[in-house]
Each structure stands twice: as structure tokens, then as C-alpha cells.
Protein chains: 2
Amino acid sequence: MKEGKPATIKEIAKRLKISPSTVSRALNDHPSIGLVTTMRVKKVAAELNYEPNQTAIFFKQRKTFTVGVVLPNLSEPFFSAAISEIENVANGKNYTVIMGQSMDDADREMKILQTLKNHRVDGVLMSIGKNTRDYPFIDLMEGAGIPIVFFDCVPDLEHIHKVYCDLETGMLEAIDRFVSCGHHAISLINGPTHLPASLEREKAYRKGLAQYNIRYKEEYVVNTDLTPEGNEAAISQLLALPDRPSAVVSFNDYVALDVMKIVRKRGIALNQDIHFISYANYPLWTYIENPPLASIEQFPGEQGGKAAELLFQLIEANGRPEPTRITFHSRLVNPG
Amino acid sequence: MKEGKPATIKEIAKRLKISPSTVSRALNDHPSIGLVTTMRVKKVAAELNYEPNQTAIFFKQRKTFTVGVVLPNLSEPFFSAAISEIENVANGKNYTVIMGQSMDDADREMKILQTLKNHRVDGVLMSIGKNTRDYPFIDLMEGAGIPIVFFDCVPDLEHIHKVYCDLETGMLEAIDRFVSCGHHAISLINGPTHLPASLEREKAYRKGLAQYNIRYKEEYVVNTDLTPEGNEAAISQLLALPDRPSAVVSFNDYVALDVMKIVRKRGIALNQDIHFISYANYPLWTYIENPPLASIEQFPGEQGGKAAELLFQLIEANGRPEPTRITFHSRLVNPG
DNA sequence: CTGTTAGCGCTTTCAG
DNA sequence: CTGAAAGCGCTAACAG
């Protein structure tokens, strides 16, 4: 039953006293092969337990049916949702997924891309790390003729393919919601200033306030480095204000969780004295006793899936088409 | 800068008017090549931006430096923690990771293994799905000479390599804790009866009770199919009991979350009228207002990492060594 | 419809 | 120390 070496095309050719090429064609259902031969070939192939040696095929065809996925950290639910969906899409197209975690380290990111290139992946999906400031890998992949599609955390460049989620819509909806609940003292706990994502949030925040003629107050916008300590510092700053805000949009759910914990600890009533909305829709709000008013959904799975579909289009259409940009719009949803 | 086709060994051989074999050796720092030639070769290689064609090498060496990871669902934090660590270990060994989600579907599981086999991965790490009853893939991989290490959710067989987490210790500690807090009415919300994991929990539960001479009461053990409805049904059964339990061990954190929600809704005071401990240590308990008394940690990351290390040993030691079994012991930890 | 031949890019005997 | 030649398993012109 168990052969030392797996059977090859040659062997089944020898057995049938026909040429390897005929066998190859028969196995691939090439139209110009007689039905009888095809049958005979397949029969023997089955008997010998033949399995094509994909590595040989990859080598020959210069195609690996493999795509690389590079993202900061698999253990973040946001990204695991994305890769989960990517794998589903890839699976449907008979591609396999190789993954690499950059851990937000630009060097490691570059190294992963190198590896993927050496493995001759047919394409790459990537969400860049928080500390990535320039993009040498774009030229690297371009030079190797490997298409790359960015998603979620995308470089701010024009000539690339990207799928991302516009953060503005969600912010505007959040402010709408707050205002319609009677809030005017709305503040923003933003992320590190150097992140484009922070910039975008702040811009949207200002725009949202402007729509309601609420004056922008500098002290209502604080930043956190996203560590628990940073988060605590940020909320403390706000709570210390003489005119404490009654509503807060926070950078993401992790920040919100930390911040709400502090608030609770200080005896301030959540969803009464102070209200929260945050980006991301962490899947567990439904279990939290005083969840935020709402969450701003960024559709990680959908982004990943769409990016994968785009990538497969690029892989299949060999011509280098125009840079494509697909935008999702963040949306306010009820937590859960 | 950017060549149409990447440079090959032949080209750099031609430029230097030496033979390809020499180039190959030089590039691989073969000892028998003169230092000067080696240098010259490397210089030209760099100039031409030479990159070895891994697919050719894989083909030749019958080795892909790739391992497959098969698990039920990447979007579960438990598994994303595991794969995250696996990727780290693999990365350190210069292996890449191909992943596949079985979605708890035995057919899909088999299909993934087939694909991995065709891709000629050097080894496989696998956590089997909830519905997998027999293990045709073990023979499949065996036949192909691909080592496979199971982790966490492992087949109940002797002759395989596995890393898993013993559920008993955690259960005993949980019961210890409950008893030392004065509880004697301790119940168990268990998973589907057909799961080995459920069986193991129940066995441990009985043992724990026995240690304190607490009589086992049939009605204190209920099962859930792990859906929210099932969870609700399970806790309802317990709450309806004339002698309602004051302490509950639940199958996992998801069950606990659902169940605690119901309890709260019915106006029963968490951590007062009724106390919980559950398996898994979901990373968010710290934010929950009335978290369970404790959690039973199962070390997904550690299991994954250890399984990966074992796999690399198997890959490197070509002989087929004795089946290895590595056991972690679940442990009671404070949530968070 | 089928066979012959060549070759993908690299490594590796075996000879010098 | 280096070169020539063969071959991994498969596919794809090009001829029949």
C-alpha cells in the first residue's frame, strides 16, 4: 500500500508503454487525447496511487497557487477575522495561504516579504504595521512581478491597490448619535499622533462638530500611546477638566475598555455621567454590563475578503491594471 | 534596476566564464571553492540582484521549508493565540506556515490535508474539529512521509504525536477553590456528550467531588450544544432546581458569558448568589464587571509553540521516533 | 491523436 | 579547487 517513493508520470507511462507526455495530457484531460487512453491512464494512475508532484509543477509553471498574508498580529481579533475570511476566499479559488506576523516591526515585515518572494507566492495581501514609515517592499514585489493588495492599514500612496475602511462616516454617525442624545461636550481619545489613522479620526471629528456648530476645543482631544497606562492618562486628563465631557469617542475598543474601567473605578456612572462610542466593535460588548452606546464597525472580514478577491483578479489578469481602490465605510452599529 | 526575468545561476556563470556548478557552490559557501572565486561570484550575484529560485530548490531537495497548520477556526481567540505562537516558532526556524480552517467540517479537514500534501509541506500541525470521528488523514500523511503533530484537540489514539492540555488538574483546583469558599452545591455545565473533552471534564468533576466527599447529583450536570440557546437552556435547568447550585463550572468562557448574562437578566446576583469558573481564560475578563471567580487556563499559545518545536524535531530527525506525548496541565488562574 | 525532445533552475556526482 | 553532465517531475513546442 505504501510506496517508498510516490509514483511518477514516467512510471505509469512505462507500464502502459506510452510516452510521458501522453500521460500528462491524459491526466489533465487534454481534449486531444483519446477517451480510451485517458481512461487507461487514469486507471493505472489510481492503481499506483499517483499524486502529481506539485513542487515540480510549481517550478515548471512558475506559479505556486499560494498567496502570502502579512499583518501585524494574528492574535488580535480584528486581524484574525480578516485572515479567516481571506483563507475562505482563497480556499474557494484553490489557493493556499501563507501567513506572517510583522509584530509591528518594519524589519520583520521586510524579512517576511523577502521570504514570500523567495517562496514565489503568486500574490500578497498586507496590512502594514504601526511603525512602518516607508515601503521598500513595494518595489521589491513590483520587481518580482508579484501583485500586492493592501488592506485596512494601507500606505498613503496613489499607485497601489488598496482596500480600506473610511473612518469618517462612522465618526460622523457617532457625533450625530451623541448630539441627538443631547450631548454637546464631546471629546476624542485619539491614538498616537503619527498614525494616519489618528489624523483621519481627528479630521472627521472636527468635521462632525462643525456640522453641528459645536466649537472645537483643544483640550477635548487627548492622545494615548495605546498602552493601558497611556489610556489611563488620557481619560484622567479629560476627567480633570473643569467642564468634563459627557461623551467620548475613543480610538478603538481596547482603549474604551481600559478607559471605562477607570471611569467605573472612580465612581462615575457609565452611560449616565459619561457615554462612550469607540471604533471596532469588539465582539464581546454584548456581555459587558454597561457597554458603550454604540460601536463603529470597520468590517475586517469584509475588507480581507474583498482584498483577496481583488488580488485574485490581479493574479489572473496578467496585465498590470490601474491601481484599484476599494473603500468600505465605517458605520455605527449597536454593540454585540 | 528592474529585470524582466530574475537572474539565474547560469547568467552569473556566463558573466564570469565559469561553470554553473561553481557558482552554485560559491553561493552556498562550499568549502572547496577558492575564496577569491567565492567573492567574485557573490559580487556579481549582488550586482545582478540574484535571488535563488526557491521553487527550483524545493523541487530538487524535496523540501519546502513549509509547515501546514490545520485548525477549526482562526477567528477563535484560542486558536489565533496558538497559531500566532506557531508562526513565531516557525519563523525562528526559517519555516513558513500555511494555514487551513476546517470549520469543524471533517470533509473540509480532509481536503485541506490533501492540499497540504500536494504542496509537499514538510510537516503538519493539527487540531481536529468537533465532528471528526475518524482519522483517515493520519494514514494519508503517513503514506506521504509527512510528520504530523496534533495539539489541543487531539485524536484519542496511541501511536501519534500529540501535545495536549490535561483538563483534570484545572477542574480539581476549581473545586478546591469553590469548596474553600464554602460551596458544596457545585454543578457542571458540560459540552456535547460525544466530545472527549466533555467526558474528561465530567470525569474530573466527579473525582473532584469525591475528594471532598460531596455526593454526585445527576441533576447538577447539564449539557449544552454550545449555541446561545443551548447555553440558556442549560442554565435554566439548573436555576429551576429546588436546590439550586451556588457554584458552577462551565465548559468554556463562551458558555460562561452567555450563562452569566442570563443569570444577571433574571436578577440573580453574580458572585454572590451564584459563582462561576470556566475553562479557557478569555482575555477579556478583566473588563467584565462581575467576572468569574477564576478561569481554567489551557495554554493555547504554549501548546502551539511546543507542538511546533516537536514537529521541527521530527522533521530534522528523519527516523520515525516513538510517538511523543507532551502534556500541559490546566491551571486555575485569576481572570485577566 | 500521440511521441520526441528540450528545458524550467538548481544541485551533485564524477572526473579532471 | 573547478568543470561537465545528469537529472529532479513535469509540461509544451514541434513533429509526425
Side-chain angles (χ1 to χ4, degrees), chain A residues 3-45 48-66 117-122 144-146, chain B residues 3-42 44-45 48-66 117-122 144-145:
Chain A
E3 315 91 80
K5 297 283 158 216
T8 77
I9 277 196
K10 273 188 191 166
E11 306 193 357
I12 99 170
K14 209 171 292 173
R15 288 231 188 178
L16 265 52
K17 297 182 204 299
I18 58 179
S19 87
S21 34
T22 306
V23 176
S24 168
R25 287 188 271 246
L27 255 17
N28 294 308
D29 290 310
H30 191 100
S32 74
I33 297 292
L35 192 58
V36 268
T37 0
T38 304
M39 297 301 269
R40 285 177 3 111
V41 167
K42 291 202 172 175
K43 184 156 166 295
V44 178
L48 291 186
N49 225 304
Y50 169 80
E51 293 277 357
N53 180 341
Q54 297 282 12
T55 63
I57 299 179
F58 295 160
F59 172 45
K60 182 102 240 263
Q61 328 256 268
R62 288 115 187 289
K63 178 142 177 55
T64 58
F65 280 99
T66 299
K117 180 188 158 197
N118 287 347
H119 275 251
R120 296 288 204 268
V121 296
D122 296 331
I146 300 175
Chain B
E3 315 90 81
K5 297 285 159 214
T8 78
I9 279 196
K10 273 189 193 168
E11 306 194 356
I12 99 169
K14 209 171 294 172
R15 287 233 189 177
L16 264 52
K17 295 180 204 301
I18 59 178
S19 86
S21 30
T22 306
V23 175
S24 168
R25 287 189 270 245
L27 257 16
N28 293 309
D29 290 310
H30 191 101
S32 75
I33 297 292
L35 192 59
V36 270
T37 1
T38 304
M39 297 301 269
R40 283 173 9 108
V41 167
K42 290 202 172 173
V44 176
L48 291 186
N49 226 303
Y50 170 80
E51 294 278 354
N53 180 342
Q54 297 282 12
T55 63
I57 299 179
F58 294 160
F59 172 44
K60 184 98 234 263
Q61 327 255 270
R62 287 118 185 292
K63 178 143 175 55
T64 58
F65 281 98
T66 299
K117 180 188 159 197
N118 287 346
H119 275 251
R120 295 289 203 270
V121 295
D122 296 331

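Every heavy atom of this structure was used, including side-chain atoms; hydrogens, water molecules and symmetry mates were not. Order of the sequence lines fixes the chain letters, A, B, ..., with proteins taken first and strands second; residue numbering starts at 1 for each chain.
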(request) Between B:P31 and A:P20, just flag the one whose closest nucleotide in DNA chain D comes earlier from the 5' side. (result) B:P31
(request) Nearest whole angstrom, please: distance from the C1' of D:dC10 to the CZ of B:R120. (result) 12 Å
(request) May I ask you to evaluate whether B:T37 reaches the phosphate of D:dT2, defined as a side-chain N or O under 4.0 Å from OP1 or OP2? (result) yes
(message) One pair to check against side-chain contact (heavy atoms from CB on, under 4.5 Å): B:N53 and B:T8. What are the steps and the verdict?
(response) CA-CA 8 Å; B:N53 180 342; B:T8 78; over 6 Å; no
(message) What is the separation between atom NE2 on A:H119 and atom P on C:dG9, rounded to the nearest whole Å?
(response) 18 Å
(request) Give the nucleotide from the list D:dT11, D:dT2, C:dT11 with an atom nearest to the side chain of B:N28. (result) C:dT11
(request) Assess whether side-chain contact (heavy atoms from CB on, under 4.5 Å) is satisfied between B:L16 and B:R40, documenting all intermediate values. (result) CA-CA 8 Å; B:L16 264 52; B:R40 283 173 9 108; 4.1 Å; yes
(message) Evaluate B:Y50 against B:V44 for side-chain contact (heavy atoms from CB on, under 4.5 Å), listing each step before the verdict.
(response) CA-CA 8 Å; B:Y50 170 80; B:V44 176; over 6 Å; no
(request) Starting at atom CD of A:Q61, determine the distance to atom C1' of D:dA13, rounded to an integer number of angstrom. (result) 14 Å
(message) Are C:dC8 and A:F59 stacked, with the base six-membered ring and the side-chain ring centres under 5.5 Å apart and planes under 30°?
(response) yes
(request) Grab the NZ-C1' distance between A:K60 and C:dC10 for me, whole Å please. (result) 15 Å
(request) Tell me whether the OP1 or OP2 atom of D:dC8 has a side-chain N or O from A:K10 closer than 4.0 Å. (result) yes
(message) Quick check for you: among D:dC10, C:dT12, C:dC10, whose closest atom lies nearest to any side-chain atom of B:R25?
(response) C:dT12
(request) Could you state the atom-to-atom distance from CZ of B:F58 to C1' of C:dG9 in whole Å? (result) 13 Å
(message) Does B:K63 have more than 12 heavy atoms from other residues, nucleotides or ligands lying within 6.0 Å of its NZ?
(response) yes
(request) Taking only the side-chain nitrogens and oxygens of A:S19, find out if one of them lies under 4.0 Å from OP1 or OP2 of C:dT2. (result) no
(message) With a 4.0 Å cutoff (strictly under), does any side-chain N or O of A:S21 reach OP1 or OP2 of C:dG3?
(response) no
(message) Can you measure A:I9 atom CD1 to D:dA12 atom C1' for me and round it to whole angstrom units?
(response) 12 Å
(request) Rounded to the nearest angstrom, tell me the gap between atom CD1 in A:I33 and atom P in C:dT2. (result) 5 Å
(message) Looking at A:R120, is its backbone amide N or carbonyl O close enough to the side chain of A:T64 to form a donor-acceptor pair, meaning the two atoms are under 3.5 Å apart?
(response) yes
(request) Report the nucleotide, chosen from D:dG3, C:dG9, D:dC10, that has the shortest atom-to-atom distance to any side-chain atom of B:T8. (result) C:dG9
(message) Looking at C:dG3, I'd like to know if its phosphate oxygens (OP1 or OP2) sit under 4.0 Å from a side-chain N or O belonging to A:K17.
(response) no
(request) Calculate the interatomic distance between B:H30 atom NE2 and C:dC10 atom P; express it in whole Å. (result) 18 Å
